[in-house]
Amino acid sequence: MILRPITPNDTSWVSQALTNLWGSTRMVSRGKLVELSGLYGFIAEEEGRKVGLITYNTHNEECEITSINSLIPGKGIGTLLLEAVEKVAIESGCQKLVVITTNDNPKAV
């Protein structure tokens, strides 16, 4: 499994994946509309195939995970993506890592 940062070459795939998985590239988080396809993030790849995506935003001393998707359940992809953002948050001096979900997503809760 390879984790790599999202690059400008990934924009089309990221937008399509977010639309397929979430219905849009935009999401409301804490009362603000966020364009997910323009954020930092990581892509997980296995044997040249994209199998996971995470996006995040940093502001001041806070890092918020705005989307996370494992395209193959049960392989630890989500955990690897979370750990990658946690490492970035620590290296960036963030004091808080925020993840928000809804209560209709019991696996995430």
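Values below: all heavy atoms of this structure, side chains included; hydrogens, waters and symmetry mates excluded.
- Contact between Ala89 and Leu97 at its shortest, heavy atoms only, is CB-CD1, 4.4 Å.
- Annotation: side chain of Ile65 is not in contact with side chain of Val98 (no heavy-atom distance under 4.5 Å).
- Applying the salt bridge (Lys or Arg N to Asp or Glu O under 4.0 Å) definition to pairs two or more places apart or across chains, those involving residues 66-83 are Glu46-Lys75.
- Residues Leu18 and Val51 do not share a hydrophobic cluster, defined by chaining ILVMFWY side chains whose heavy atoms lie under 4.5 Å apart.
- Evaluation of the side-chain contact (heavy atoms from CB on, under 4.5 Å) rule for Lys87 yields Glu91 as partners, not counting sequence neighbours.
- Side chains of Cys63 and Val85 form a contact here, defined as non-hydrogen atoms less than 4.5 Å apart.
- At a threshold of 4.5 Å between side-chain heavy atoms, the hydrophobic network of Ile, Leu, Val, Met, Phe, Trp and Tyr places Leu82 and Leu36 in two separate groups.
- For Ser15, the side-chain contact (heavy atoms from CB on, under 4.5 Å) test picks out Thr11, Thr25, Ser37, with sequence neighbours left out.
- By the side-chain contact (heavy atoms from CB on, under 4.5 Å) test, Thr7 pairs with Arg4, Asn9, Asp10, sequence neighbours left out.
- More than 12 heavy atoms of other shown residues, nucleotides or ligands fall within 6.0 angstrom of atom CD1 in Ile72.
- Of all heavy-atom pairs spanning Ile68 and Trp22, the tightest one is O-CZ2, 4.1 Å.
- Summarising the geometry, atom CD belonging to Gln95 is positioned 10.0 Å from atom CD1 belonging to Ile90; distances are rounded to the nearest 0.5 Å.
- A continuous path of hydrophobic side-chain contacts links Val99 to Phe42 [ILVMFWY only; heavy atoms under 4.5 Å].
- Scanning all heavy atoms of the two residues, the minimum distance from Leu3 to Leu80 falls at CD1-O, 3.4 Å.
- To the nearest 0.5 Å, atom CG of residue Leu81 and atom CG of residue Asn69 are 9.0 Å apart.
- Cluster membership check: Trp13 does not share its hydrophobic cluster with Ile77, using side-chain heavy-atom separations under 4.5 Å among Ile, Leu, Val, Met, Phe, Trp and Tyr.
- Grouping the Ile, Leu, Val, Met, Phe, Trp and Tyr side chains by contacts below 4.5 angstrom, directly or via other members, places Ile43 apart from Val88.
- Looking at residues two or more places apart in sequence or on another chain, you find a salt bridge (Lys or Arg N to Asp or Glu O under 4.0 Å) between Arg30 and Glu62, Glu64.
- Through direct or relayed side-chain contacts under 4.5 Å between Ile, Leu, Val, Met, Phe, Trp and Tyr, Leu33 connects to Val28.
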Result block: side-chain N/O donor-acceptor pairs under 3.5 angstrom for residues 52-61, not counting sequence neighbours:
| unit_1 | atom_1 | unit_2 | atom_2 | d |
| --- | --- | --- | --- | --- |
| Thr55 | OG1 | Thr66 | OG1 | 2.6 |
| Thr55 | OG1 | Ser67 | N | 3.3 |
| Thr55 | OG1 | Ser67 | OG | 2.6 |

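- Of all heavy-atom pairs spanning Lys50 and Leu71, the tightest one is O-CD1, 3.6 Å.
- From Tyr40, atom OH reaches atom OG of Ser92 across 9.0 Å, with rounding to the nearest 0.5 Å.
- Ser24 is linked by a side-chain contact (heavy atoms from CB on, under 4.5 Å) to Arg26, counting only residues two or more places apart in sequence or in another chain.
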